[in-house]
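To start, the structure itself, in structure tokens.
All heavy atoms count here, side chains included; hydrogens, waters and symmetry mates do not. This chain uses plain numbering: 1 for the first residue, then up along the sequence. Counting convention: from 1, in listed order, for ligands and their atoms alike.
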Amino acid sequence: MKTGMVNVDNLSTKEQGYTQAVDLLKSGEVVAFPTETVYGLGAVATDEAAVRKIFGAKGRPQDNPLIVHIGEVAELEAFTTNISSLAYVCIDAFWPGPLTLVLPLKEFSLAKNVTAGLDTVGVRIPEHPVALELLKRLKQPVAAPSANKSGKPSPTKAIHVWDDLNGKIPFIVDGGTTGIGLESTVLDFTTDIPTILRPGGVTKEMLEKVIGQVNESKFTDDVKAPRAPGMKYAHYAPNAPVYLIESSIEVVKNAVADIHKEHKKVALIASEQFGQTAADYFFSLGKENQLEDAAALLFDALRNCDGTDADIVLAPVFTKQDVGSAIMNRLEKAADGNYYE
Ligand code: AMP
Ligand code: MG
């Protein structure tokens with residue numbers, strides 16, 4: 001399959017880009033498009049055959065549900081029921097935005113493969129102008145996971161989507177670099193106390209200011225029936241193994257020296273203050289303590305490791321406060337929980 005890519009930030013190709021994307025979606029095809037979190041790979045959420053193509057192109061396990069994207073709150077009614085008043089408070093406060101709400105699914109309203117057979121559905125209104133324009137033109141819910149090959153870091157640039165899915169999907173809407181760079185926060189409203197299933201740009205601290213107590217699931221892999229199947233699978237992994245390491249320049253310098261003694265090459269993914277540690281490759285996550293910048297740069301940095309001959313990737317840990325919680329969640333998955341010893 002030939003993969004088309006059109007830049008919709010360019011006035012001369014904008015109209016063609018949206019028209020082609022909407023036409024393809026309406027005809028049961030998949031289309032990649034930017035959101036404020038990462039690029040998504042979308043299909044009309046009521047079209048089972050179209051949704052099946054998402055799983056096929058990504059190589060995604062069938063029991064991992066997809067997030068449904070809508071352009072207007074009014075569209076919720078078609079496929080959810082019994083939305084609590086607290087959920088509406090969240091909707092008012094954070095939509096459009098990087099917050100996915102897990103709500104009770106209205107029976108027989110969406111294709112079964114969107115929710116992996118669960119009786120709940122994850123849904124959000126994205127804040128990105130391109131995603132919103134697409135959804136408002138289409139006027140149908142779009143199921144869209146991140147537009148990467150399953151297991152790889154999520155795409156924050158159109159070229160990342162191209163690298164992973166060229167030849168496997170018909171079309172990429174290029175809308176530049178995504179803003180936040182990490183996937184949405186997933187908040188489950190089907191538990192007594194709302195529970196964060198996946199940390200993201202909307203932090204626990206931000207949620208609690210608006211709706212009071214919020215629980216956090218442990219994000220472990222040993223949950224037998226994970227509420228968020230994303231917890232269960234390898235994620236965000238470059239080809240070389242990733243190891244977390246103490247956030248100390250001394251400790252990192254010593255580790256680099258040890259790795260060099262074994263005639264191996266090391267890539268370092270870290271904030272700027274780690275720039276002088278003699279690592280063979282250094283991918284900056286921005287200035288020290290600028291968590292939003294680190295979030296935006298993380299997936300590109302992980303992907304850049306694959307363009308090197310590094311044998312090992314080191315990543316100093318971040319604080320788990322605020323967006324640091326989402327950064328560490330992705331890094332722990334990329335490292336499969338391993339620390340450098
Ligand atoms: P992705 O967009 O590739 O990060 O994948 C979507 C993620 O959304 C899944 O891995 C789940 O963590 C979450 N999700 C989507 N729908 C549900 C649902 N009904 N219940 C729990 N989690 C969900
Ligand atoms: Mg994903």
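Comparing T195, L101, V68, I67 against atom 8 (O) of ligand 1, the shortest heavy-atom distance belongs to I67. When the heavy-atom distances from atom 23 (C) of ligand 1 to P65, G117, P104 are ranked, the shortest goes to P65.
Looking at D293 and K287, no side-chain N of the basic residue comes within less than 4.0 Å of a carboxylate O on the acidic one, giving no salt bridge. In summary, K261 and D258 engage in a salt bridge, as defined by a charged side-chain N under 4.0 Å from a carboxylate O. Salt-bridge annotation for E36 and R124: present, with a side-chain N of the basic residue lying under 4.0 Å from a carboxylate O of the acidic one.
In terms of polar-atom proximity, defined here as any N/O pair under 3.5 Å, K58 makes no such contact with ligand 1.
A donor-acceptor contact closer than 3.5 angstrom is absent between the side chains of S184 and T37. Using a 3.5 Å distance cut-off with no hydrogens or angles, the side chains of N64 and Q62 do not pair a donor with an acceptor.
Contacts of T120 with ligand 1, taken as heavy-atom pairs under 4.0 Å, involve both backbone and side chain. Only side-chain heavy atoms of L197 come within less than 4.0 Å of ligand 1; its backbone N, CA, C and O stay farther off. Here T100 has no heavy atoms under 4.0 Å from ligand 1, in either its backbone or its side chain.
Atoms of ligand 1 found under 4.0 Å from any heavy atom of R198 (numbered from 1 in listed order, with element): 1 (P), 4 (O), 7 (C). With ligand atoms numbered from 1 in the order given, ligand 1 contributes 16 (N), 19 (N) to contacts under 4.0 Å with heavy atoms of G122. Near L118, the atoms of ligand 1 lying under 4.0 angstrom from a non-hydrogen atom of the residue are 18 (C), 19 (N), 20 (N). Here is the list of ligand 1 atoms found below 4.0 Å of a heavy atom in V102: 20 (N), 21 (C). Ligand-side atoms of ligand 1 in range of V121: 19 (N), range being under 4.0 angstrom from any heavy atom.
Between the side chain of Q140 and the backbone N or O of V44 there is no donor-acceptor pair closer than 3.5 Å.
Among the backbone and side-chain atoms of S146, an N, O or S atom lies under 2.8 Å from the Mg ion (ligand 2).
The aromatic ring centres of Y236 and F299 sit less than 6.0 Å apart.
In this structure, N64 has a heavy atom closer than 4.0 Å to ligand 1.
Summarising the geometry of K264 relative to D311, their closest heavy-atom pair is CA-OD2, 3.3 Å, with the distance given to 0.1 Å.
Considering H160, R330, E183 as possible partners of S154, the one that fulfils the side chain to side chain donor-acceptor pair (under 3.5 Å) test is E183.
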